[in-house]
Amino acid sequence: MAKDFVTRAENYSEWYNELVVRADLAENSAVRGCMVIKPYGYAIWEKMQKALDDMFKETGHQNAYFPLFIPKSYFEKEAEHVEGFAKECAVVTHHRLRAKADGTGLEPDPGAKLEEELIVRPTSETIIWDTYRGWIKSYRDLPILCNQWANVVRWEMRTRMFLRTAEFLWQEGHTAHETLDEAVEETKKMLEVYAYFAEKFMAMPVLKGYKSPNERFAGALDTYCIEALMQDGKALQAGTSHFLGQNFAKAFDVKFLSKENKLEYVWATSWGVSTRLMGALIMTHSDDEGLVLPPNLAPIQVVIIPISKGEEQKAMVDKEAERLCAELKAKGISVKYDNRDSYKPGWKFNEYEFKGVPVRITLGARDLEQGLVEIARRDNLTKETLPVEGLTDKIEKLLEDIQANLYNKALAFRENSTREVDSWEEFLVEIEKGGFLSCHWDGTPETEEKIKEITKATIRCVPLDAKEEEGKCIFSGKPSNKRVVFARAY
RNA sequence: CGGGGUGUAGCGUAGUCCGGUUAUCGCGCCAGUUUUGGGAACUGGAGGUCGCAGGUUCGAUUCCUGCCACCCCGACCA
């Protein structure tokens with residue numbers, strides 16, 4: 001067990017916070033609610049970015065960049081959008097500082113007050129749609145399929161590293177289409193991209209679905225989402241894809257001439273995932289020994305740790321390590337040879353275990369003389385001794401096994417934590433245990449609101465694959481034709 | 001913003017009630033030596049405006065007043 005490390009059972013949120021810091025992923029900064037993402041954590045984010053960015057490009061999108069600052073008046077143009085974001089906006093009011101009269105520091109120069117305040121973007125729909133107006137005149141200009149990688153600011157009251165920070169990194173796709181159908185298709189397509197990424201790269205099973213009106217994005221007609229289940233039984237919204245209808249086109253007057261020579265408003269979507277995925281990744285797989293990373297996102301997939309006595313043995317081990325590194329790299333496997341002599345092997349074992357490195361090779365002189373090495377896997381903490389001959393093929397296979405095992409384990413957990421609940425009494429009991437509760441709901445915001453008030457549970461989504469089924473709302477008893485998923489959420 | 005709590009070295013802490021020489025200990029850090037199969041040992045060393053500002057006092061980390069910051073519980077969180 002990792003030294004002085006709190007277990008999940010003892011205190012789940014402390015476990016999470018400590019893990020983030022001790023695994024060297026991130027730390028709190030001097031700025032309230034903002035974190036510093038450290039190199040090891042950022043390397044994971046970069047791998048996420050790369051995989052997602054490739055998929056965005058494959059589906060026809062291009063990257064662009066829009067300003068950090070948004071004129072306040074833009075926000076006023078879409079009523080629901082303002083409503084949703086106004087309470088958490090950082091506002092720029094001045095563009096210059098001056099020395100205070102009493103010499104105690106600096107203050108905003110009143111002479112440099114902005115005519116119109118600028119909002120630090122909490123999301124970019126408004127500035128982007130203001131820009132799109134100039135780009136779109138004809139149906140021939142459509143579709144526009146843009147994505148941007150950016151930082152955004154939402155002045156949250158309470159923050160937690162990666163899960164909810166005042167500033168976070170994300171990507172936001174903003175597309176413009178000729179028809180409603182095309183926009184809806186795009187919304188769903190990107191949801192599929194997110195789900196694929198979550199499952200294949202993060203080894204995290206997700207529910208695909210759409211939000212109830214209460215949980216929709218401010219300004220959207222429909223919000224599709226992927227929902228994941230964390231080990232403490234709470235749900236985490238891992239990505240959203242919004243069908244925005246013509247709301248933003250109307251607010252920003254974005255019209256085009258159709259083939260029929262009619263002036264029409266453009267149809268819109270937006271979709272995003274953020275550094276919150278880092279939190280999801282951590283909470284899906286990690287254990288009481290520290291971080292567990294799926295091979296497809298691990299910055300270091302294999303670490304090699306040497307053990308030797310004396311110069312002669314050291315030379316032998318070094319030579320073998322070099323050969324192994326070259327072979328693994330040739331297969332596209334990222335490998336680190338940690339030959340620092342300032343730490344002992346046992347220390348290194350713990351270090352890499354805590355940091356979630358999927359596979360460790362212990363290259364010991366004693367075993368090596370017999371042509372053997374020890375392989376340890378992080379996911380199930382098992383070890384075996386194998387011939388060094390033909391090792392790289394086995395490692396390659398092992399990484400695939402680990403990736404699959406992590407997914408299967410997470411899937412089994414989710415399935416065991418998902419159950420159908422058909423009465424209010426049962427709901428009150430089951431919601432305390434955590435997990436996804438599949439229930440009938442009468443479809444009204446009032447019922448959802450009541451349930452939230454009483455139990456803190458919300459509708460995470462209406463699953464896309466929900467079956468048609470006669471039933472009664474668990475709260476009101478009114479008729480319902482499909483089950484929705486309730487959970488307490490992050 | 002309401003309720004509760006905490007500020008002493010990079011981290012974790014003792015001391016403060018009842019003011020008094022050089023502020024305690026552990027981890028970590030630096031140097032050297034010996035070590036290396038699950039978080040090495042020894043020796044030496046560096047590191048402190050005791051959250052900030054006033055006040056009381058011969059003397060304040062300790063007492064008083066004000067302020068600030070952070071944490072927890074609520075409120076808030078497409």
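Worth knowing before you read on, the calculation uses all heavy atoms, side chains too, and leaves out hydrogens, waters and symmetry mates. To find a chain, count down the sequence lines: A is the first, B the second, and so on, and within it residues start at 1.
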Worksheet item: Considering the options Phe436(A), Phe475(A), Phe427(A), which one meets the ring pair (Phe, Tyr, Trp, His ring centres under 6.0 Å) requirement together with Phe486(A)?
Response: Phe427(A)
Item to complete: For nucleotides C18(B) and U62(B), find the distance between their P atoms and express it as a whole number of Å.
Response: 14 Å
Discussion item. Please give the distance between the C1' atoms of C50(B) and U24(B) as a whole number of Å.
Written reply: 13 Å
Worksheet entry | Row check, Phe349(A) ring normal vs Arg360(A) NZ/CZ: under 6.0 Å, within 45° | yes
Practice prompt. Give Phe85(A) one of three labels, base, sugar-phosphate or nothing, depending on what nucleic acid heavy atoms sit under 4.0 Å from its own.
Written response: base
Worksheet item: Counting distance only, does the side-chain N/O of Trp45(A) pair as donor-acceptor with the main-chain N or O of Met48(A) below 3.5 Å?
Response: no
Worksheet item: Counting N and O atoms only, with roles assigned by atom type, does the side chain of Gln301(A) sit under 3.5 Å from a partner on the main chain of Pro295(A), one being a donor and the other an acceptor?
Response: yes
Practice prompt. Quick one: stems involving RNA chain B, counted as three or more successive Watson-Crick or G-U pairs, both distances short of 3.5 Å.
Written response: B:1-7 with B:68-74, B:10-12 with B:25-27, B:29-34 with B:40-45, B:51-55 with B:63-67
Fill in: Whole-Å gap separating C1' (G39(B)) and CD (Glu289(A))
12 Å
Discussion item. Cation-pi check for Tyr490(A) against Lys234(A): NZ or CZ below 6.0 Å from the six-membered ring centre and within 45 degrees of the axis, yes or no?
Written reply: yes
Fill in: P-based separation of U8(B) from G59(B) [nearest Å]
27 Å
Practice prompt. Measure the distance from CG on Asn214(A) to P on C77(B) and round it to the nearest whole Å.
Written response: 11 Å
Fill in: Integer-rounded Å distance: G12(B) C1' and Glu18(A) CD
11 Å
Item to complete: Scan side-chain atoms only and decide if Asp338(A) and Tyr343(A) contain a donor-acceptor pair under the 3.5 Å cut-off.
Response: no
Discussion item. Any base atoms under 4.0 Å from Arg22(A), or only sugar-phosphate, or nothing? Heavy atoms, all strands.
Written reply: base
Worksheet item: Are any of the side-chain heavy atoms of Thr240(A) and Phe217(A) separated by less than 4.5 Å?
Response: no
Fill in: Salt-bridge present (Asp288(A), Arg8(A); N to O < 4.0 Å)
yes
Worksheet item: Tell me: OH of Tyr16(A) to P of C72(B), nearest whole Å?
Response: 14 Å
Discussion item. Just so I know, are the side chains of Ile128(A) and Cys146(A) near enough to count as touching, which here means a heavy-atom distance under 4.5 Å?
Written reply: no
Worksheet item: Expressed in whole Å, how much space separates the C1' atoms belonging to U16(B) and C11(B)?
Response: 22 Å
Detail all sub-3.5 Å separations between protein N/O atoms and N/O atoms belonging to nucleotides 33-38 of chain B.
from: G37(B); atom 1: OP1; to: Lys344(A); atom 2: NZ; distance (Å): 3.3
from: G37(B); atom 1: N7; to: Arg366(A); atom 2: NH1; distance (Å): 3.4
from: G37(B); atom 1: O6; to: Gly364(A); atom 2: O; distance (Å): 3.4
from: G37(B); atom 1: O6; to: Arg366(A); atom 2: N; distance (Å): 2.7
from: G37(B); atom 1: O6; to: Asp367(A); atom 2: N; distance (Å): 2.9
from: G37(B); atom 1: N1; to: Asp367(A); atom 2: OD2; distance (Å): 3.1
from: G37(B); atom 1: N2; to: Asp367(A); atom 2: OD2; distance (Å): 3.1
from: G38(B); atom 1: N7; to: Lys383(A); atom 2: NZ; distance (Å): 3.2
from: G38(B); atom 1: O6; to: Arg360(A); atom 2: NH2; distance (Å): 2.8
from: G38(B); atom 1: O6; to: Lys383(A); atom 2: NZ; distance (Å): 3.3
from: G38(B); atom 1: N1; to: Glu353(A); atom 2: OE2; distance (Å): 2.9
from: G38(B); atom 1: N2; to: Asn350(A); atom 2: OD1; distance (Å): 2.9
from: G38(B); atom 1: N2; to: Glu353(A); atom 2: OE1; distance (Å): 2.8

Worksheet item: Glu27(A) has an atom CD; how far is it from atom C1' of C70(B), in whole Å?
Response: 16 Å
Fill in: Residue mapping more 5' on RNA chain B - nearest nucleotide basis, Lys456(A) or Phe217(A)
Lys456(A)
Worksheet item: Using the P atom in both, what is the distance from C71(B) to G12(B), to the nearest Å?
Response: 13 Å
Discussion item. Going by salt bridge (charged side-chain N to carboxylate O under 4.0 Å, His left out), name the pairs with one or both residues in residues 450-465 of chain A, residues two or more places apart or in two chains.
Written reply: Glu215(A)-Arg460(A), Glu227(A)-Arg460(A)
Worksheet item: Can you tell me how far P in A9(B) sits from the matching atom in C76(B), rounded to whole Å?
Response: 37 Å
Item to complete: Please measure how far the C1' atom in G48(B) lies from the corresponding atom in U13(B), and state the result in whole Å.
Response: 14 Å
Fill in: Between C76(B) (P) and Arg160(A) (CZ): distance, integer Å
19 Å
Worksheet, complete the sentence: From CZ of Arg460(A) across to P of C77(B) the rounded distance in Å is 13 Å
Item to complete: Please measure how far the P atom in U6(B) lies from the corresponding atom in U49(B), and state the result in whole Å.
Response: 23 Å
Discussion item. Just the rounded figure in Å: distance from P of G12(B) to CZ of Phe5(A).
Written reply: 16 Å
